[in-house]
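Single-structure report; data block below.
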Amino acid sequence: MNVSPSVWLLTVAALCVLVAVDFFVGRKPHDVSIKEAGTWTVVWVVLAVLFGAGLWFAGGSGPTGEFFAGYITEKSLSVDNLFVFVLIMGKFAVPTQYQQRVLMIGVLVALVLRAVFIAAGAAIISAFSWVFYLFGAFLIWTAWKLVQDARKQDHDEEYQENKLLKMAEQRFGVADRYHGTKLFITENGKRIMTPMLVVMLAIGSTDVLFALDSIPAIYGLTQDPYIVFTANAFALMGLRQLYFLIGGLLKRLVHLSYGLSIILGFIGVKLVLHALHESGVHVPEIGIPFSLGFIVLVLAVTTFTSLRASKQQQAGAAGEPAAETRRAAGESR
């Protein structure tokens, strides 16, 4: 798409307005109900669909298909991020009424930093076409690593702070308790961080690390920076509500990592084929309609098998105590 600077500015301004409205609605610390989270999740999805419809009228089916393929991919990858967010919230013992503020600021920081990643990726791709080989190889390696992590059940591990976060804590110091939504306080004449700021930095920096695989993934579906940015924006901006909506469901998505590994591996292969095609090698390229259908199918199958496996595990766990009770009753007789 040939997007003019004025359209870019208008888009960024509109997104800023949406963020401001979201921040205004959730400015008062409170426990987020399922109804509130569900309502706002639907709002963000509808806004993404409306934006995709606008792309249809402006650029036709091509950009629209690329946007929805990128949006669904980024959304599914962001769900995997929620596992880590749960660990972070538990690690820092964030009070429930403050969790939405933490996620709001953390996601906003991640969105700004991702914009830098996207701009850098666009510049690299325009200058070096062979970078698609690197992106493709990286995604295939990431897909394999996801499978290995899923087998080790890494989601059950404790969250470990990254080096940048530890350096910030050592440099500024951290208060021993939360002080409402304050980010800094003065203690003994010294300005120190509160746990609220620390957990916000943890959320933001962790999401940037996840961008290392999500940005190459979406560039495997479209090379249009405008579509890459807007797909990431809509996927991230509804992440806070999604956290509260499916927080209890996350543990039941036991096959999600396998589904994401298939998607990343597929996009990796797509990138390698595209790179070969750009190099003059006659190889088939994978179109956007097929990519979109494949991604949706994998996610649907993964969700179905995850919920089925989780239900069977729960039934087995419920059956074990009953069997033990029957054995104990038999022994007593």
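Here the side chains of S291 and F266 are in contact, with some heavy-atom distance below 4.5 Å. No side-chain heavy atom of L239 sits less than 4.5 Å from a side-chain heavy atom of K75.
The CD1 atom of I72 sits 5.0 Å away from the CG atom of L292 when rounded to the nearest 0.5 Å. L134 contributes atom CG, which lies 10.5 Å from atom CZ of F138 (distance to the nearest 0.5 angstrom). With rounding to the nearest 0.5 Å, the separation of CH2 in W8 from OG1 in T230 is 7.5 Å. Distance check: L221 CG to I267 CD1 gives 4.0 Å after rounding to the nearest 0.5 Å.
In terms of modelled atom types and a separation under 3.5 Å, the side chain of T194 and the main chain of L183 share a donor-acceptor contact. Proximity of a side-chain donor or acceptor of Y219 to a complementary backbone N or O of I118 within less than 3.5 Å is detected. In this structure a side-chain-to-backbone donor-acceptor pair under 3.5 Å is missing from Q241 to G38. Side-chain N or O atoms of T222 include none that pairs as donor or acceptor with a backbone N or O of I218 at under 3.5 Å. A distance-only check finds no donor-acceptor pair linking the side chain of T186 to the backbone of R191 [under 3.5 Å].
In summary, the side chains of Y226 and T11 do present a donor paired with an acceptor at a separation below 3.5 Å, with no hydrogens or angles considered.
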- Message: Would T302 and H255 count as a side chain to side chain donor-acceptor pair (under 3.5 Å) here? Give the steps.
- Response: CA-CA 6 Å; T302 299; H255 296 159; over 6 Å; no
- Task: Could you check F234 against E74 for side-chain contact (heavy atoms from CB on, under 4.5 Å), going step by step and ending with a plain yes or no?
- Result: CA-CA 9 Å; F234 280 106; E74 295 298 316; over 6 Å; no
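When the side chains of ILVMFWY residues are joined at heavy-atom separations under 4.5 Å, either directly or via intervening members, V12 and V116 end up in two distinct hydrophobic clusters.
The number of heavy atoms from other shown groups lying within 6.0 Å of CZ (F184) is above 12.
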